[in-house]
Amino acid sequence: MILLTYLYFMLPGIFANMMPVLMKKHWLWLARPVDFNLKWFDGKNLLGDHKTWRGLISGVVASIIVVAIQRWLMQFEIFEKISMFPYDQYSVWLVGFLIGFGALLGDMVKSFIKRRVGIEPGKKFMPWDQIDAAIGAIALISIIWPVGWIRSLVLVVFTFVLHILVRNIGYYLKVNKERW
Ligand code: CTP
Ligand code: MG
């Protein structure tokens with residue numbers, strides 16, 4: 001039950017994180033690199049051309065929509081019970097933006113670091129690949145709402161476990177080729 005409240009809180013970020021993958025065959029005109037193909041001092045791509053405006057924008061939009069739905073659902077008692085975030089006290093736009101943009105910012109910061117240490121796009125970087133979005137989302141939502149260290153830690157650990165679990169299930173169902 002407690003884990004459900006954590007999962008519910010993370011939902012906008014989870015959607016934000018999934019959108020770039022789901023949108024791969026759509027909005028081709030927006031599939032331009034966020035880093036404008038710029039290079040860092042080491043001569044390598046800042047992020048890589050796989051980090052696109054399409055991913056960023058579709059993720060933020062998805063997050064805002066999910067938060068709007070969560071805000072609307074608060075009128076029902078069960079949803080109010082599993083809402084650890086007071087959706088009715090903040091702007092849906094702002095909360096959706098902070099969680100969605102935070103998640104994708106975390107992903108981009110991680111990509112930036114991966115490129116600097118020479119890890120190619122798509123190659124593993126445990127545990128950061130699993131928790132980048134959670135850290136980014138927590139960081140940005142903290143601007144308006146105190147998440148707290150304990151809750152942040154639980155969120156990050158839970159995200160990591162969930163990620164590994166989902167990828168393993170996907171691996172056995174042959175949805176993804178890599179186990180994590
Ligand atoms: N993606 C995107 N735009 C973003 C973020 C991701 O289009 N802003 C796409 C990428 O092209 C990738 C997919 O979403 O195909 C999954 O992204 P992710 O797992 O974060 O990228 P990786 O391939 O692991 O790259 P990196 O090594 O930089 O983390
Ligand atoms: Mg990745």
Side-chain angles (χ1 to χ4, degrees), residues 6-7 9-68 93-143 152 155-180:
Y6 280 86
L7 183 66
F9 174 63
M10 295 190 305
L11 221 50
I14 292 174
F15 271 86
N17 210 20
M18 281 177 357
M19 282 311 279
V21 185
L22 297 176
M23 293 299 287
K24 282 206 96 162
K25 303 237 154 61
H26 310 276
W27 290 10
L28 295 179
W29 53 279
L30 251 184
R32 295 166 199 282
V34 178
D35 67 4
F36 296 107
N37 285 319
L38 293 173
K39 307 263 185 282
W40 189 245
F41 299 103
D42 53 13
K44 294 180 201 155
N45 287 333
L46 211 60
L47 302 174
D49 57 10
H50 62 304
K51 296 286 149 170
T52 63
W53 287 102
R54 170 187 59 200
L56 185 58
I57 294 170
S58 63
V60 172
V61 169
S63 173
I64 293 171
I65 294 172
V66 174
V67 173
W93 296 91
L94 181 62
V95 175
F97 174 81
L98 290 175
I99 297 180
F101 182 70
L104 291 160
L105 182 66
D107 175 58
M108 288 189 288
V109 169
K110 175 215 64 185
S111 289
F112 176 79
I113 297 169
K114 275 171 96 170
R115 298 303 89 81
R116 300 295 71 76
V117 298
I119 301 174
E120 279 169 37
K123 292 278 178 296
K124 291 185 199 74
F125 190 35
M126 271 259 230
W128 307 105
D129 284 322
Q130 286 77 19
I131 59 176
D132 52 0
I135 294 175
I138 292 168
L140 289 209
I141 198 68
S142 295
I143 297 171
S152 300
L155 281 166
V156 169
V157 172
F158 183 38
T159 309
F160 180 80
V161 174
L162 199 68
H163 207 285
I164 298 287
L165 212 69
V166 169
R167 293 287 285 191
N168 266 276
I169 294 169
Y171 176 75
Y172 287 113
L173 294 176
K174 303 200 177 355
V175 178
N176 44 268
K177 281 175 243 108
E178 300 258 7
R179 238 180 113 180
W180 32 64

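Hydrogens, waters and symmetry mates play no part in the numbers below; they use all other heavy atoms, side chains included. In listed order, ligands and their atoms are each counted from 1.
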Within the side chain of S63, is there an N or O that forms a donor-acceptor pair under 3.5 Å with the backbone of G13?
no

Among A16, A133, G122, G59, closest by heavy atom to atom 22 (P) of ligand 1 is G122

Just distance, no hydrogens or angles: give the donor-acceptor pairs under 3.5 Å from side chains in residues 21-38, sequence neighbours left out.
{"from": "R32", "atom 1": "NE", "to": "W29", "atom 2": "O", "distance (Å)": "3.3"}
{"from": "D35", "atom 1": "OD1", "to": "N37", "atom 2": "N", "distance (Å)": "2.8"}
{"from": "D35", "atom 1": "OD2", "to": "L47", "atom 2": "N", "distance (Å)": "2.9"}
{"from": "D35", "atom 1": "OD2", "to": "G48", "atom 2": "N", "distance (Å)": "2.9"}

Inset, instruction - Return a yes/no value for S111: is any of its N or O atoms, backbone included, closer than 3.5 angstrom to an N or O of ligand 1? - result: yes

task: Please state whether L104 comes within less than 4.0 angstrom of ligand 1, counting heavy atoms only.
output: no

Open item on the list: Is there a side chain to side chain contact (heavy atoms under 4.5 Å, CB included) between I119 and W128? Walk through the geometry before answering.
Closed with: CA-CA 12 Å; I119 301 174; W128 307 105; over 6 Å; no

Open item on the list: Does this structure show an ion pair linking R115 with D42, if we count only N-O contacts that are shorter than 4.0 Å?
Closed with: no

Go through the steps for I169 and V175 under the test side chain to side chain contact (heavy atoms under 4.5 Å, CB included), then give the verdict. CA-CA 8 Å; I169 294 169; V175 178; over 6 Å; no

Here the atoms of ligand 1 under 4.0 Å from any heavy atom belonging to K24 are 11 (O), 15 (O)

Ligand 1 atoms nearer than 4.0 angstrom to some heavy atom of K110 are 29 (O)

Run the side chain to side chain contact (heavy atoms under 4.5 Å, CB included) check on K39 and L46 step by step: do they pass? CA-CA 5 Å; K39 307 263 185 282; L46 211 60; over 6 Å; no

Of R115, M108, M19, H50, the residue with the heavy atom nearest atom 2 (C) of ligand 1 is H50

Query raised in the report: Is there a heavy atom of G48 sitting under 4.0 angstrom from any atom of ligand 1?
Result: no

Counting heavy atoms under 4.0 Å, the part of T52 that contacts ligand 1 is both

Under 4.0 Å from one or more heavy atoms of L56, ligand 1 contributes atoms 8 (N)

In ligand 1, the atoms that come under 4.0 Å of a heavy atom of D107 are 5 (C), 20 (O)

Those residues at least two apart in sequence (or on a different chain) that pass side-chain hydrogen bond (donor to acceptor under 3.5 Å, both in side chains) with N168 are R179

